[in-house]
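Right, one structure below, let's go through it.
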Amino acid sequence: MAIINNRLTTAQYEANFADIHPPYESITAAKVDAHRCLFCYDAPCTKSCPTSIDVPKFIKQITTENIKGSAHTIFSSNIMGAGCSQVCPVEKLCEGACVYNLLEEKAIPIAKLQRYSTEKAMENNWQLFKRKPSVGRRVAIVGAGPAGLSCAHTLSKEGIDVTIYEKESKGGGLMTYGIAAYKVTPRFCEEEVDYILSIGGIEVKYNQELGKTISLAELKRNFDAVYLGMGVGVARQLDIPGEKLEGVVDAIQFIYDIRTKGYPSVSVGDKVAVIGMGMTAIDAATQAKRLGAQEVTMIYRRTREEMSCTQHELDIAMLDGCEVIWLAAPKKVKGSNGKVKQLVCSIMKLGEPDASGRRAPVDTGETFSLDVDMVIKAAGQVPFEKLVKKYKLDNKNGKLVIDKNCATNIKGVFAGGDAVNGGKEVVDAVQAGKDGAKAILSYIRVK
Ligand code: SF4
């Protein structure tokens, strides 16, 4: 067993990482699906979208070939509508709410239609929003992820001059660095960021990290308001023996490497264990398989009923040939010569519900072992606890606490997205950015 890179041919990498949801090839194909929409009154698809995109309206616009209008409808509610059409768990949002499900018929492919209109807008660089003349107010945003970009775009439309401080060398946050490459390519993410910024009035300063190269005091001094949208922090550790052995890696880092280094450069084991059952765990497991791992086993301490990924996501992993062991928790990583050789797991059973409302896993005292050469940890992320405490920001275990106006306990400092909720969907962060911008506009009395 060995952890090596360059396991496949170029053609194999391309096939394994090809777009999982191919787009429409023609307007005719898009119109055929659009014409199936019933244009429901009080549409449940719109209600289930965190950004409240007017779904029947944008689909109707496709039927009349008003693609520019359709894109405008989408972007008015969600400026990351293009990316969201590729990464949203639509089976539990708009498409899951489509009335066709009640008729036991195939839901309208809302995401695919949304992708059609928004990609046309990006390809043609249609400028659908005009920035008002500058009103002479300046806002600093920390983080160029979905919350920060959405906040910046909303503010810029109103003539606010925005400066975003981003710790990475590219914008997009989780979209650019933390999602499986077969769902959305790094290149697409770059194009989406450029498209959002093309409204003007937004400067992005890359490689700038709060607490390191910039301070909150400095931002407060130089700007009329500050919005914190820096996402969640580092990967949660397992705190088990053997965690430092060579071959134990963080899922976030693994996915980041795939997106930034190129597929052949990323090493993967022959036999891989992935700890966790959230979306990040699925993205790590499927991509380990697609990089050429022979066996990938997902380890989850609860059951299918409690998993945080969707059934659709689990199906992708199963179709890729990943195995799942339910009711198992990592206990120890065993190694030889400093390298991973085995993962010892405790067999769990379900007890009483915990704080999350899900039945808590309880150790039965029994164990089993898996021969593996790589362990990928995807047990969630820990918020930037040290950072928020350093700035005396109200928080709950590192998650920022805000009031109904998105304001933190520090005057003029607002926050939203994963930094507040601990990690939800991209579309939730986009809405948080809009809410934050609205609150800031009211605070600096622009609206
Ligand atoms: Fe169209 Fe389905 Fe939405 Fe009704 S629920 S408006 S059919 S997409």
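Counting starts at 1 for both ligands and their atoms, following the listed order.
Taking OG1 of Thr154 as the start and OH of Tyr227 as the end, the distance is 9.5 Å to the nearest 0.5 Å.
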**Prompt:** Run the salt bridge (Lys or Arg N to Asp or Glu O under 4.0 Å) check on Arg302 and Asp354 step by step: do they pass?
**Reply:** CA-CA 12 Å; Arg302 306 186 205 232; Asp354 60 14; 3.2 Å; yes
**Message:** Go through it in stages, so that I can follow the logic: the residues are Lys377 and Asp250, the test is salt bridge (Lys or Arg N to Asp or Glu O under 4.0 Å), and I'd like the CA-CA distance, side-chain angles, deciding distance and then a yes or no.
**Reply:** CA-CA 5 Å; Lys377 302 180 286 182; Asp250 292 334; 3.4 Å; yes
**Derivation and outcome, salt bridge (Lys or Arg N to Asp or Glu O under 4.0 Å), residues Glu190 and Arg187** = CA-CA 5 Å; Glu190 215 168 326; Arg187 189 188 164 138; over 6 Å; no
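Taking the charged nitrogens against the carboxylate oxygens, Lys183 and Glu313 do have a contact shorter than 4.0 Å, which makes a salt bridge.
Figure legend: cation-pi geometry between Lys112 and Tyr24, with NZ or CZ positioned under 6.0 Å from the six-membered ring centre and within 45° of its axis.
Among protein atoms, those of element N, O or S found less than 2.8 Å away from atom 4 (Fe) of ligand 1 are Cys40 SG.
For Ile110, every heavy-atom contact with ligand 1 shorter than 4.0 Å involves the side chain, none the backbone.
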